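In what follows, a structure is listed as structure tokens, so that the remarks can point back to it.
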Amino acid sequence: MNIFVLNCGSSSLKWQIIDTDLEMIKDDSDKMLAKGLVERVGSQSLITYEVVGGKKVKMTEALRDHKAALNHVIKWITSAEAKIPGINDLSDIAAVGHRGVHGAERFKRSAKIDKEVIAGIEDCIPLAPLHNPANLKGIYAAQEIFGPSLPQAVVFDTSFHSTMPEETYLYAVPYQLYRRFKIRKYGFHGTSHRFIAYRYRKLNDLERDQVNVITLHLGNGCSACAVKNGQSLDTSMGLTPLEGLMMGTRSGDIDPTVIEFLVHNEGISVEEAFNLLNKRSGLLGISGLTNDMRELIDEEREHQDRRATLAIDMFCNRVKKYIGAYIAEMNGADAICFTGGIGENSVEIRKRACQDLEALGIKIDIKLNEQAVCGKEMKISTEDSKVAIYVIPTNEELLIARDTLRVVLNAPRVW
Ligand code: AMP
């Protein structure tokens, strides 16, 4: 069955078509057929579409909103020009799966979209004022374009973390604030952490409750997750994605007094202070150069830029701190799994983040680490490392497609 996976941001629309069914899921033979990205929705949009093993096209066109963008995508995928195997018209799409960002406490699982689910996503808007309205735009556009009879599902970034116990998800602030406003840690990147934990389980032929790993999603956004007995026990992002690891432009953990200090001493508003912590901090803020890890590593190597090195060292140090904290919280982990653009591709960052962790039983194999760059799943720890280290490429879209299929067929979730 062809599942159309849709990931709508405030001004972007990413899509994939994935061919999957219950048998294909069992033997991991389900596959992506085509994908694309529309950026700058609302103005002169930049459009990239690609059919696997075939055409890649780039174009620009004025697309005024998400509905216009989705219409553009649909017109292209059903055109003779695209030639996507098995896709001739809209009836070849069996269901639509949406990436949902914030499901708060309401959505512990992926859900089939109906009026109630839409109302639930709307209720979560105060917790995700940028992301949830974008998700809703995608859902409305898909309902209009595909028609009301095509099943649609939503897979939330927060759901995997719904197993966190109170002592890890609560902030040490007056308990009434949790009661009144549901202020707590929710965590994000859940679909990625779940996928990585699932792949680790498959690679090692384990039962779900035997999975005790620390998953590290290191991309432009970064988060760590302590997966104990197959469930999220703790994760580094919080009420919003600002908390936790140092990221491309986000500060990660910080003393909140910094905000008060900035408001009083820099004369900026609270909103501007948060903008600074979200958009101008992290790797970009420290290096003063870029939020792109690849560029920082090049700067360090080619120009010995001191602040590029500082940004990289701070980034790796924060990763180490979370590894240590989660090993303690989990009473030991069997493996650390790297994923995301940096985690999957950067030999240097994996090396520096795992360096000098022998006391915790973590030893990286320098040669294997250097080989793990081609999007392959690989173990990169030494034979005698007590904690294994893996590189596992993430595939959130595949998990969204699989969950959508299961939700639509009412089949049990494997993970
Ligand atoms: P993502 O958000 O998962 O797409 O990851 C984006 C981040 O991955 C950016 O900081 C990129 O610079 C980084 N990245 C991608 N490839 C490499 C690489 N070969 N070495 C270092 N960083 C990389």
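In this text the structure is predicted, and so the values were computed from the model without any measurement. Computed over heavy atoms, backbone and side chain alike; hydrogens, waters and symmetry mates excluded. Atoms within each ligand, like the ligands themselves, are counted from 1 in listed order.
- Listed by chain and residue number, the protein contacts of ligand 1 are Gly219, Asn220, Asn291, Asp292, Met293, Arg294, Gly340, Gly341, Ile342, Asn345, Ser346 (heavy atom within 4.0 angstrom).
- In this structure, Lys182 satisfies the cation-pi test against Tyr178, with its NZ or CZ atom closer than 6.0 Å to the six-membered ring centre and inside 45 degrees of the ring normal.
- Not a single donor-acceptor pair under 3.5 Å links the side chain of Thr168 to the backbone N or O of Asp234.
- Here Lys26 pairs with Glu23 in a salt bridge; the nearest charged N to carboxylate O distance falls below 4.0 Å.
- Below 30°, between 30° and 60°, or above 60°: for His189 and His217 the angle between ring planes is below 30°, a parallel geometry.
- Taking the ring axis of Tyr198 as reference, the NZ or CZ atom of Arg194 does not stay both within 45° of it and closer than 6.0 Å to the ring centre.
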Legend entry - Check against side-chain hydrogen bond (donor to acceptor under 3.5 Å, both in side chains), Thr339 and Glu344: CA-CA 5 Å; Thr339 197; Glu344 289 167 33; 3.0 Å; yes
